[in-house]
Enquirer: 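The structure follows.
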2 protein chains.
Amino acid sequence: MTSGQPLPGGQEPTLTISEVVERTGLSHDTLRYYEKAGLIERVGRTTGNQRRYAAADLAWLEFLIRLRGTGMSIADMQRFAELRSRGGATVPERLAMLRAHRADLADRMRALRRNAAALDDKIDHYERLLDQPGTDDET
Amino acid sequence: MTSGQPLPGGQEPTLTISEVVERTGLSHDTLRYYEKAGLIERVGRTTGNQRRYAAADLAWLEFLIRLRGTGMSIADMQRFAELRSRGGATVPERLAMLRAHRADLADRMRALRRNAAALDDKIDHYERLLDQPGTDDET
DNA sequence: GCTTGACCTGGAGCGCGCTCCAGGTTCTAC
DNA sequence: GTAGAACCTGGAGCGCGCTCCAGGTCAAGC
């Protein structure tokens with residue numbers, strides 16, 4: 001017997017922490033930190049207390065990674081994870097959170113595009129400076 | 001006499017730190033920190049040692065704010081400011097920095113769009129869950 | 001049985017980008 | 001001249017998101 005977890009339907013593939021590190025790109029420490037922080041529910045253990053991640057754990061981690069990738073804070077992810085752990089009744093609240101976050105993200109992307117445009121202008125400016133080195137207009 | 005600075009051409013408008021706070025949205029502390037960090041050259045002072053920002057200082061600050069807004073680190077901004085302070089000969093290096101940063105920014109924006117798309121999918125998923133509450137597919 | 005490497009825990013530490021604080025000086029209005 | 005607001009400096013502190021460390025336990029191969 002290798003797994004300290006119930007096996008819901010047939011055989012459940014489980015992964016060691018190092019395998020999850022490989023698949024997610026997160027570090028060992030970050031995985032343990034996420035669990036401690038409650039971002040993921042306590043992962044199953046072997047009888048020897050070593051973590052074994054189920055496929056569902058991995059899928060959830062991958063979603064968390066995307067949330068992080070859109071700039072969601074750990075605190076908000078904790079709140080989201082807590083709602084999720086409370087079951088289907090919290091779907092409206094979760095949806096509201098994601099929509100708010102999505103709107104925020106859209107704002108940040110707009111700002112990013114504006115700033116990128118200013119950066120492009122500056123690049124153009126320098127390119128022109130190099131082409132005709134007479135004007136030493138320092139700004 | 002109010003300004004401890006030379007006045008290059010005609011009257012140079014100068015601003016107190018609080019006026020710059022208003023115009024830039026940066027805090028007093030951040031402005032002083034940026035100066036201490038070498039992001040802006042030492043700002044002119046009154047005889048009483050109070051800062052007076054020239055129009056050029058403000059323009060440079062606004063550019064720095066845009067660089068920050070595209071995710072450039074303080075360390076890189078220090079490097080850029082140092083190049084700028086060394087004069088026109090460093091224009092090629094500055095251009096290279098900005099181009100590299102621009103490419104990096106493009107990568108990050110692409111990643112952001114991918115993650116935003118995943119977020120949209122999840123939102124759709126939750127909306128469908130709410131419309132037909134039979135399937136309690138928790139992922 | 002023994003070695004070696006993977007894994008465990010609790011807690012300290014770190015890099016970043018500010019932000020705050022104490023204690024003092026300067027400016028403005030009256 | 002005086003009160004009160006604005007400003008100065010050096011340095012400590014903070015919130016975030018990890019990252020590292022010490023001191024162990026566990027697992028796999030020989």
Side-chain angles (χ1 to χ4, degrees), chain A residues 1-5 14-40 42-54 57 61 64-81 101 104 108 111 115, chain B residues 1-5 14-40 42-54 57 61 64-81 101 104 108 111 115:
Chain A
M1 200 172 289
T2 323
S3 168
Q5 264 192 308
T14 56
L15 303 168
T16 65
I17 193 166
S18 284
E19 288 166 332
V20 177
V21 164
E22 270 175 47
R23 278 168 179 69
T24 61
L26 298 176
S27 73
H28 291 73
D29 278 324
T30 298
L31 283 168
R32 290 192 273 247
Y33 164 68
Y34 279 10
E35 186 175 338
K36 205 185 319 191
L39 295 189
I40 55 183
R42 186 177 165 81
V43 165
R45 311 285 159 128
T46 64
T47 51
N49 198 36
Q50 298 198 353
R51 287 173 179 79
R52 288 298 179 269
Y53 292 80
D57 294 327
L61 272 171
L64 287 179
I65 289 167
R66 294 204 174 275
L67 287 184
R68 283 292 296 139
T70 56
M72 185 178 281
S73 69
I74 299 288
D76 281 354
M77 285 163 59
Q78 283 172 331
R79 171 154 174 68
F80 191 84
H101 179 62
D104 187 72
R108 281 181 288 116
N115 289 330
Chain B
M1 199 174 287
T2 323
S3 168
Q5 263 192 309
T14 55
L15 303 168
T16 66
I17 193 167
S18 284
E19 288 165 332
V20 176
V21 164
E22 270 174 46
R23 278 169 179 68
T24 60
L26 298 176
S27 73
H28 291 73
D29 278 324
T30 298
L31 283 168
R32 290 191 274 247
Y33 164 69
Y34 278 10
E35 187 176 338
K36 205 184 319 190
L39 296 189
I40 55 182
R42 186 177 165 80
V43 166
R45 309 286 159 129
T46 64
T47 52
N49 197 36
Q50 298 199 352
R51 287 173 180 79
R52 289 298 179 270
Y53 292 80
D57 294 326
L61 273 171
L64 287 180
I65 289 167
R66 293 203 173 276
L67 288 184
R68 282 293 297 138
T70 56
M72 184 178 282
S73 69
I74 298 287
D76 281 353
M77 285 163 60
Q78 284 172 331
R79 171 154 176 65
F80 191 84
H101 179 62
D104 187 73
R108 281 181 288 117
N115 289 330

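Below, read A as the first sequence line, B as the second, and so on, with proteins coming before strands; counting in each chain starts at 1.
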Enquirer: Rounding to an integer number of Å, can you tell me how far D76(A) CG sits from dG17(D) P?
Expert: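 Between P of dG17(D) and CG of D76(A): 9 Å.
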Enquirer: With respect to the side chain of Y34(A), which nucleotide from dC18(C), dC18(D), dC8(C) is positioned closest?
Expert: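 My answer, after comparing the listed nucleotides, is dC18(D).
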Enquirer: Give the rounded distance in Å between these two atoms: CD1 of I65(B) and C1' of dG17(C).
Expert: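 The distance from CD1 of I65(B) to C1' of dG17(C) comes to 14 Å, rounded to the nearest Å.
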Enquirer: With the side chain of R45(B) defined as its heavy atoms from C-beta on, choose the nearest nucleotide among dT9(D), dC7(D), dT9(C).
Expert: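 That would be dT9(D).
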Enquirer: How close or far is atom P of dA6(C) from atom CG of L31(A), stated in whole angstroms?
Expert: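 Rounding to the nearest Å, CG of L31(A) and P of dA6(C) are 16 Å apart.
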Enquirer: Can a side chain N or O of S27(B) be found less than 4.0 Å away from OP1 or OP2 on dC18(C)?
Expert: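 S27(B) to dC18(C) OP1/OP2: no side-chain N or O under 4.0 Å.
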Enquirer: Measuring from F80(A):CZ to L64(A):CG, what's the distance to the nearest 0.5 Å?
Expert: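 Answer rounded to 0.5 Å: 8.5 Å.
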Enquirer: I want to check one thing: is the phosphate of dC8(C), taken as OP1 and OP2, less than 4.0 Å away from some side-chain N or O of R52(A)?
Expert: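 Answer is no, no contact under 4.0 Å.
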Enquirer: Give the nucleotide from the list dC18(D), dC8(D), dT19(C) with an atom nearest to the side chain of D29(B).
Expert: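 Nearest nucleotide to the side chain: dT19(C).
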Enquirer: Rounded to whole Å, please give me the gap between CE in M72(A) and C1' in dG17(D).
Expert: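 My rounded result for the distance is 16 Å.
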Enquirer: So what does N49(B) hit on the nucleic acid, given a heavy-atom distance under 4.0 Å: a base, only sugar-phosphate, or nothing?
Expert: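 Contact class for N49(B): sugar-phosphate only.
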Enquirer: Show the nearest heavy-atom pair for residues V21(A) and S27(A), with the distance to one decimal.
Expert: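 Looks like CG2-C, 3.9 Å.
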Enquirer: Among dC18(D), dG11(D), dT19(C), which is the nearest nucleotide to the side chain of Y33(B)?
Expert: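 Nucleotide nearest to Y33(B)'s side chain: dT19(C).
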Enquirer: Under 4.0 Å between any heavy atoms, over every strand shown, what does R51(A) touch: base, sugar-phosphate, or nothing? Just pick one.
Expert: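 Since only primed, P, OP1 and OP2 atoms lie under 4.0 Å of R51(A), the category is sugar-phosphate.
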Enquirer: Taking for each residue the nucleotide of DNA chain D bearing the nearest heavy atom, is the 5' side occupied by S18(B) or by I74(A)?
Expert: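 It is S18(B) whose nearest nucleotide is closer to the 5' end.
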Enquirer: Do the side-chain N or O atoms of R32(A) get closer than 4.0 angstrom to the phosphate oxygens (OP1, OP2) of dT19(D)?
Expert: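 No, R32(A) has no side-chain N/O under 4.0 Å of OP1/OP2 on dT19(D).
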Enquirer: Nearest to the side chain of T30(B) - dT19(C), dC7(D), dC7(C)?
Expert: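 Of the options given, the side chain of T30(B) lies nearest dT19(C).
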Enquirer: Hey, does the side chain of R108(A) reach the backbone of T70(A) with a donor-acceptor pair shorter than 3.5 angstrom?
Expert: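 Answer holds: yes.
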Enquirer: Among dG17(C), dG17(D), dC26(D), which nucleotide sits nearest the side chain of Q50(A)?
Expert: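 Per side-chain heavy atoms of Q50(A), the pick is dC26(D).
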Enquirer: In this structure, how many angstroms lie between the P atom of dA6(C) and the CG atom of L15(A), rounded?
Expert: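 The distance from CG of L15(A) to P of dA6(C) comes to 17 Å, rounded to the nearest Å.
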Enquirer: Picking from dT19(D), dG17(C), dC18(C), which would you name as closest to the side chain of S73(B)?
Expert: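 Of dT19(D), dG17(C), dC18(C), dG17(C) is nearest to the side chain of S73(B).
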Enquirer: Please compare H28(B) and G48(A) by the position of their nearest nucleotide in DNA chain D and report the one closer to 5'.
Expert: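 Going by which nucleotide is closer to the 5' end, it is H28(B).
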Enquirer: Specify the closest pair of heavy atoms between M72(A) and R68(A), including all atoms of both residues, with the distance to one decimal.
Expert: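 Heavy atoms of M72(A) and R68(A) come nearest at O-NH1, 2.8 Å.
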Enquirer: Quick one: which of E22(B), R32(B), R52(B), Q50(B) gives a side-chain contact (heavy atoms from CB on, under 4.5 Å) with I17(B)?
Expert: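 Among E22(B), R32(B), R52(B), Q50(B), the one that satisfies the side-chain contact (heavy atoms from CB on, under 4.5 Å) with I17(B) is R32(B).
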